[in-house]
Structures are given as structure tokens and as C-alpha cells.
J.: 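Pasting a structure here, questions to come.
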Amino acid sequence: MPPKSFESRARELASAFAAKDYERCSHLLPPLKVTLSQLNILVPLDSSDLSLVTIARDILEIGALTAIFLRDDLLFSRYIAQLSPFYAMKDKIQPPSANERKLIALRLLLLLSKNDIAEFHTELETLEDEADKDIYIRYPVMLERWLMEGSYDKVWKATTQRSEVPAEEFAIFADILVDTIRSEIATCSEKAYPSLPLMNAKHLLFFTEDKDLLEFIEQRGWTVKDGRIYFPQESTDSLETGLPMENVIENTLGYARELETIV
């Protein structure tokens, strides 16, 4: 049987999470996980006490969600790995998790934001037909399809307009994905053009503030002269990217034509 202090700390954790006190959650979680390990419930077995298994699952889910709000994607991935055996025996655990599909979808979104397309599809294959049925899982799947098409304007809208995001946690990883999109467009622009007008590049890279664009230019090592950005010229046969180069450049050219920016 778990000590009474364990039950009270579990309730305190749930209360802190409901109050969005994520720093408090981060302090409460480690001792709770130690107790779960001492109870041999951190990795559940068929013979485990199912009431304890349910409590352990809920604790680990709070840990995963807390990691997102603290913007610790490495810790989030660890919690998802720890939750995997719990989800494998979900038919035995009651009540069912209200967060399982959300967390799986967030894992997919994180993989997408890291441009880990291979692992994204590996995990997606285990979900069978849920990609089109579940509101959470449908979101990263939709984004991935648009990325493969080079439809960055659709991805931008779906990640930056909060009404398009299925839950607030997704907005955090979506911000990482926006940075990935910018990096892809910037890399392909470097290969496609010797230079671009400064203000047009601002629109092309989805920046709203000049200072953010200038900071990005400095990070990329670009040169600004007479209102134009000049890209470093390198002899490169192909791009090191998880996205098809032809699609990306074609889409970049499409943006340029629509904005009448390439002169």
C-alpha cells in the first residue's frame, strides 16, 4: 500500500496543475516518481494494482504536460516514453485517459517541429485510422501533409492563429515548427536566389517586426546592402533537408510571384 503522504502529494500535484502552477508541479513530480518506483508501479505489469496504475498514469501525464508548459521538450519525450507501457494496457485501466490522444499528437507535433519525418511516420503507422478521426492527431498529420507539399502559408495560418490550434499546449510546439519553416524557406532561398529585397524577404519569412528579421539575418550570416539581402554563394548540389527540395523552391517562387518581389 502507498503511504498516505503519497496520496496527499498526488492530490497536491493535481491541484497545482489545475492552478497552472507548473513550477510547483516540477518540484512535486520527482518525489512522486520515486515513490512509484518503490511501489514497482513506474513500469506497470499485468499483476499490478490497477488503482495504483491509474494514479501513476495520471501523475506521468501531468508530468508530460508540465514539461510542455515549461518548454522542456527533452523532459516531455522522457515522460512520453514512460507512459508508453501504461497506454499499452489502456483497456485494463479505468477510467480511461482523457489526455492520451492529446499527448500522442503532441509527440507527433514535436517530431515534426524537429524535422524528424522518419520517426513521425513510424509513430503514425501505429495509430491505424485515427489520423482522420481524432481532432488532436489530425492536426500534426495535416501540418505534415502541407509541409510535404510546400504549402507553408497553410502551415503558418494553422500554427499562428490560435483558433486553428486544437489546444493551448499545441501552440508551444507550433512556435518551434514556425522556426523550422523559416529555416527551410531561408535555406532554399539561399540556393535559389543571389539576393532578395529586404522588405519582401520579411513577408516571405513571415516576420511582422523589422527587428526580428534583422536578428534572423544576422543569425544566418546574410549581408544587407542598399535595401537588399545578399546570400552567401556556395557550390552545393543538394539540400540537407527532410523536405523535397523541388517542392520547397517551387513554393518559394510562388510566394515571390504573388508578392511581385523578385526583380
Side-chain angles (χ1 to χ4, degrees), residues 67-77 106 109-120 140 143-144 146-162 165 169-263:
I68 293 175
F69 287 111
L70 293 178
R71 288 169 169 74
D72 190 334
D73 52 18
L74 180 59
L75 182 60
F76 169 77
S77 296
L106 284 163
L109 182 56
L110 177 60
L111 290 171
L112 198 59
S113 70
K114 299 295 185 182
N115 208 15
D116 192 345
I117 304 301
E119 183 65 20
F120 177 93
L143 295 179
E144 190 269 344
W146 287 337
L147 283 173
M148 292 301 99
E149 297 170 359
S151 300
Y152 291 129
D153 53 340
K154 294 180 180 179
V155 178
W156 176 262
K157 178 182 178 182
T159 54
T160 59
Q161 295 187 10
R162 295 304 183 243
V165 180
E169 298 92 342
F170 287 80
I172 297 173
F173 284 162
D175 289 340
I176 302 175
L177 183 57
V178 167
D179 291 337
T180 301
I181 293 171
R182 284 199 181 105
S183 179
E184 294 289 350
I185 294 176
T187 299
C188 292
S189 297
E190 289 173 340
K191 306 305 176 183
Y193 317 118
S195 68
L196 281 175
L198 184 62
M199 293 310 297
N200 295 333
K202 177 180 176 180
H203 295 293
L204 191 65
L205 295 167
F206 301 108
F207 281 111
T208 57
E209 300 292 336
D210 291 344
K211 62 181 181 62
D212 295 330
L213 173 63
L214 294 174
E215 182 178 339
F216 185 81
I217 289 171
E218 182 178 357
Q219 292 173 349
R220 300 288 302 194
W222 296 344
T223 301
V224 178
K225 182 180 180 180
D226 298 328
R228 295 186 72 90
I229 297 173
Y230 291 86
F231 304 123
Q233 297 301 300
E234 298 179 2
S235 177
T236 306
D237 295 330
S238 64
L239 274 173
E240 294 294 329
T241 174
L243 305 180
M245 180 178 179
E246 294 83 358
N247 287 353
V248 178
I249 291 182
E250 180 181 350
N251 196 66
T252 305
L253 284 168
Y255 288 147
R257 293 192 190 98
E258 289 179 12
L259 295 170
E260 297 181 355
T261 61
I262 305 303
V263 296

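Fair warning: this is a prediction, and the values are worked out from it, not measured in the lab.
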J.: At what distance, to the nearest 0.5 angstrom, does CG of Leu110 lie from CZ of Phe170?
T.: 11.5 Å
J.: Would you call Pro232 and Arg220 a side-chain contact if the rule is heavy atoms closer than 4.5 Å?
T.: no
J.: Restricting to non-hydrogen atoms, name the atom on Ala158 and the atom on Leu143 that form the minimum distance, rounded to 0.1 Å.
T.: CB-CD2, 3.7 Å
J.: Drop me the distance from Thr159's OG1 to Gln161's CD, to the nearest 0.5 angstrom.
T.: 9.0 Å
J.: Report the distance from atom CD1 of Ile229 to atom CG of Leu205, rounding to the nearest 0.5 Å.
T.: 7.0 Å
J.: What pair of heavy atoms forms the shortest contact from Phe120 to Pro140, and how long is it?
T.: CZ-O, 3.7 Å
J.: Going by an N to O cut-off under 4.0 Å, is there a salt bridge joining Glu119 and Lys114?
T.: no
J.: Would you list the atom pairs, donor with acceptor, under 3.5 Å between side chains in residues 208-217 and any protein atom, with sequence neighbours excluded?
T.:
from   : atom 1 : to     : atom 2 : distance (Å)
Asp210 : OD1    : Lys202 : NZ     : 2.8

J.: Tell me, do Leu147 and Tyr152 make a side-chain contact under 4.5 Å, heavy atoms counted?
T.: yes
J.: Does Trp146 reach the side chain of Asp153, with side-chain heavy atoms less than 4.5 Å apart?
T.: no
J.: Not counting sequence neighbours, which residues clear ring pair (Phe, Tyr, Trp, His ring centres under 6.0 Å) with Phe173? List them please.
T.: Phe76
J.: To the nearest 0.5 Å, what is the distance between CD1 on Ile176 and CG on Asp73?
T.: 5.0 Å
J.: Is the Phe206 ring parallel, tilted or perpendicular to the Trp156 ring (thresholds 30°, 60°)?
T.: parallel
J.: Supply the atom-to-atom distance Leu111 CG to Ser77 OG, rounded to the nearest 0.5 angstrom.
T.: 7.0 Å
J.: Could you pull out all residues at least two apart from Glu144 that satisfy side chain to side chain donor-acceptor pair (under 3.5 Å)?
T.: His121
J.: I need the Trp222 CH2 to Glu190 CD distance, nearest 0.5 Å.
T.: 5.5 Å
J.: In terms of heavy-atom contacts, does CD of Glu218 have more than 12 from other residues, nucleotides or ligands at under 6.0 Å?
T.: no
